[in-house]
Amino acid sequence: MHYISTRGDATQRKFCEILLEGLAPDGGLYLPVQYPQVDDATLTRWRKVYHEQGYAELAFAILSLYIDDIPADDLRALCRKTYTAQVFGTGEIVPLRHVENGVYLEALSNGPTLAFKDMAMQLLGNLFEYELARRGEELNILGATSGDTGSAAEYAMRGKKGVRVFMTSPAGRMSPFQQAQMFSLQDANIINIAVEGVFDDCQDIVKAVSNDLDFKRKYKIGTVNSINWARLLAQVVYYFAGYIQATDNNAQKVSFAVPSGNFGNVCAGHVARSMGLPIAQLVVATNENDVLDEFFRTGVYRVRGSADTHETSSPSMDISKASNFERFVFDLVGRDGARTKDLFSTQLSAAGSFDLSADSAFKDAAARYGFVSGKSTHTDRLATIRDTDARHGMVIDTHTADGLKVALEHLQPGTPMVVLETALPIKFAATIVEALGREPERPAQFEGIEALPKRVLNLPADVVLVKALIEKTCA
Ligand SMILES: *Cc1c(COP(=O)(O)O)cnc(C)c1O
């Protein structure tokens, strides 16, 4: 299998060449040259694999279609080391719970940081450690986070050989639980930097460091953001596992509803569907930051300015643009790299938007690709959390509530609807208290974490000081 860029650079690269990379050199995102096709016999075999041998073996079967530059035994060992009941809480790894009338929740948030990002990031940690050891190299991951990404990256990379994480976050802006999760880590290779400023200041620092090519090369600076292909690939597996659990034969179709921000999670659904998994609809659920809902309703993709980006009670979906969306658009326009480049590089920079409404490809996006969408607001979120608690005795988190609210608007009789549960309610306790008047349940291992000693450096929003810290740490 080889990988190409969405912006026309047709250089063919292997998986391990792009594993540690962010963007392709031409500014595009990496995608496989084609999606491997899964026929009926293979899907039947994978059903057995999941039921009899478990999630890790299913992950190995799927990943090995995309990764042929890691020996099979090594790849299998990496999958087995990653997807264990000990790390993810259950033997099924992603168990389904029935809510009502063919609506299910697929649990993706029982990993170490209680959000679905662990599903991919835990594998990434093991892949990075493996590949760096093979090359005899080191990597310094520099990131910016307002919550879930940073903690998932730190819990994936803690204690890994050859990797250090420098994670910037806006001082005092994350929830107390999220701060405690990150700052209580005592591993020497995890460096938390609380920046005096907002999330954009953190992101500007990361960009400034990455744009200093000499510094970047000298200190082997890398990232783990959501555009990394390996993260997306790891997420494809739980669409198969969800489908297998919701059906007993391959003639059945299933829809998935996905609480969406940067379009990484639902893009993995698009890849699974493109491989032939019988998915009816891919339901894109947004919060008040409805860039994606607007696109699927109107054909206009309009990036928001920071003044139009709302702080909501499902904060991990608060985006101004959807960084993985370019991958889907590349497929939508018939994998035309020049066209994709014109849309994302020329039109977006000039006008802040592009319009595909007159394009025949957009007109049958729903029919050909299964995409539909909807939006959920704070009021909807509270109502959905209350209703799900009152009628089913289930407490769901704010992002999952957005997914469930929009899922119910797209139910089709006879087709199971699997809503991806992207976080546990304890991470967003304040809104649960607002909805239900009580604290959400706290998993035992998180009792009292707010009181643990914190390891964090406070710095002004100054790239010079962050660079100095990296130099000093690596010296
Ligand atoms: C990151 C995140 C999302 C959004 O996922 P994307 O892949 O960016 O669309 C939704 N819910 C939670 C809890 C998250 O952490």
Side-chain angles (χ1 to χ4, degrees), residues 29 105-122 124 143-156 169 174-175 177-178 181-182 199 224-236 238-239 256-272 282-293 295-296 309 312-328 371 373-376 381 384-385 396-407 419-429 431-432 440:
L29 307 185
L105 289 177
E106 182 172 1
L108 303 181
S109 44
N110 294 315
T113 73
L114 310 183
F116 88 99
K117 291 185 173 68
D118 291 328
M119 293 301 305
M121 209 70 94
Q122 286 288 317
L124 203 68
T145 189
S146 52
D148 289 345
T149 306
S151 57
E154 292 189 352
Y155 280 76
S169 59
M174 290 190 296
S175 77
F177 186 86
Q178 286 177 316
Q181 270 189 319
M182 285 177 52
F199 176 63
V224 286
N225 45 27
S226 80
I227 55 164
N228 180 290
W229 166 254
R231 275 182 68 180
L232 205 129
L233 177 58
Q235 293 170 354
V236 171
Y238 54 69
Y239 284 88
F256 286 89
V258 188
S260 292
N262 275 316
F263 204 74
N265 199 353
V266 76
C267 193
H270 164 67
V271 172
L282 287 166
V283 182
V284 178
T286 72
N287 64 17
E288 290 87 338
N289 297 291
D290 58 352
V291 185
L292 291 167
D293 179 43
F295 174 79
F296 286 107
T309 308
T312 75
S313 47
S314 46
S316 299
M317 292 155 62
D318 292 350
I319 48 114
S320 53
K321 63 181 173 58
S323 45
N324 272 290
F325 186 56
E326 184 170 335
R327 287 195 160 105
F328 170 63
F371 277 107
S373 71
K375 158 181 179 175
S376 163
R381 222 165 278 139
T384 306
I385 292 169
I396 56 174
D397 108 285
T398 53
H399 308 75
T400 309
D402 290 333
L404 180 54
K405 186 262 178 183
V406 177
V419 180
L420 301 186
E421 178 185 63
T422 55
L424 290 196
I426 185 67
K427 291 199 91 166
F428 305 97
T431 307
I432 305 299

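In listed order, ligands and their atoms are each counted from 1. Bear in mind that the values here come from a model prediction, so they are computed numbers and not experimental data.
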Which is it for Lys117 and ligand 1 at heavy atoms under 4.0 Å: side chain, backbone, both or neither?
side chain
Judged by non-hydrogen atoms, does Ser226 sit under 4.0 Å from ligand 1?
no
Between Val284 and Asp293, is any pair of side-chain heavy atoms under 4.5 Å apart?
no
Would you check whether Ala115 has a nitrogen or oxygen atom less than 3.5 angstrom from a nitrogen or oxygen atom of ligand 1?
no
What do you reckon, does Asp148 have a nitrogen or oxygen under 3.5 Å from a nitrogen or oxygen of ligand 1?
yes
Residue, atom and distance of the protein heavy atom nearest atom 7 (O) of ligand 1 read Asn265 N, 2.8 Å
Under a 4.0 Å heavy-atom limit, does Phe116 contact ligand 1 with its side chain, its backbone, both, or neither?
side chain
Any donor-acceptor N or O pair under 3.5 Å, side chains Thr398, Arg381
no
Side chain, backbone, both or neither: which part of Asn262 has a heavy atom under 4.0 Å from ligand 1?
both
For Phe263, the ligand 1 atoms with a heavy-atom partner under 4.0 Å come out as 6 (P), 8 (O), 9 (O)
Quick one, Phe371 and Val266 - any side-chain contact, counting heavy atoms below 4.5 Å?
yes
For Ala423, atoms of ligand 1 separated by under 4.0 Å from a heavy atom
13 (C)
Considering only heavy atoms from C-beta outward, does the side chain of Phe295 approach that of Asp290 to under 4.5 Å?
no
Does the ring centre of Phe263 sit less than 6.0 Å away from the ring centre of His270?
no
Any side-chain heavy atom of Asn265 within less than 4.5 Å of one from Thr422?
yes
re atom 9 (O) of ligand 1, the protein heavy-atom contact at minimum distance is Gly261 N, 2.8 Å
Evaluate the side chain to side chain donor-acceptor pair (under 3.5 Å) criterion for residues Asp318 and Asn289: first the C-alpha distance (whole Å), next the side-chain angles of each, then the deciding distance (0.1 Å), finally the verdict.
CA-CA 6 Å; Asp318 292 350; Asn289 297 291; 3.0 Å; yes
Can you confirm whether Lys321 sits close enough to Val291 that some side-chain heavy atom of one is under 4.5 Å from a side-chain heavy atom of the other?
no
With a 4.5 Å heavy-atom cut-off, do Asn324 and Ser226 have their side chains touching?
yes
Less than 4.5 Å apart, any side-chain heavy atom of Met317 and any of His399?
yes
Ligand-side contact atoms (ligand 1) for residue partner Ser260, heavy atom cut-off under 4.0 Å:
9 (O)
Which of the numbered atoms in ligand 1 are below 4.0 angstrom from a heavy atom of Pro259?
4 (C), 10 (C)
Only heavy atoms count here, so choose which of Thr422, Val284, Thr398 is nearest to atom 12 (C) of ligand 1.
Thr422
What atoms of ligand 1 come closer than 4.0 angstrom to any heavy atom of Met317?
10 (C)
Enumerate the atoms of ligand 1 whose separation from the nearest heavy atom of Gly264 is less than 4.0 angstrom.
6 (P), 7 (O), 9 (O)
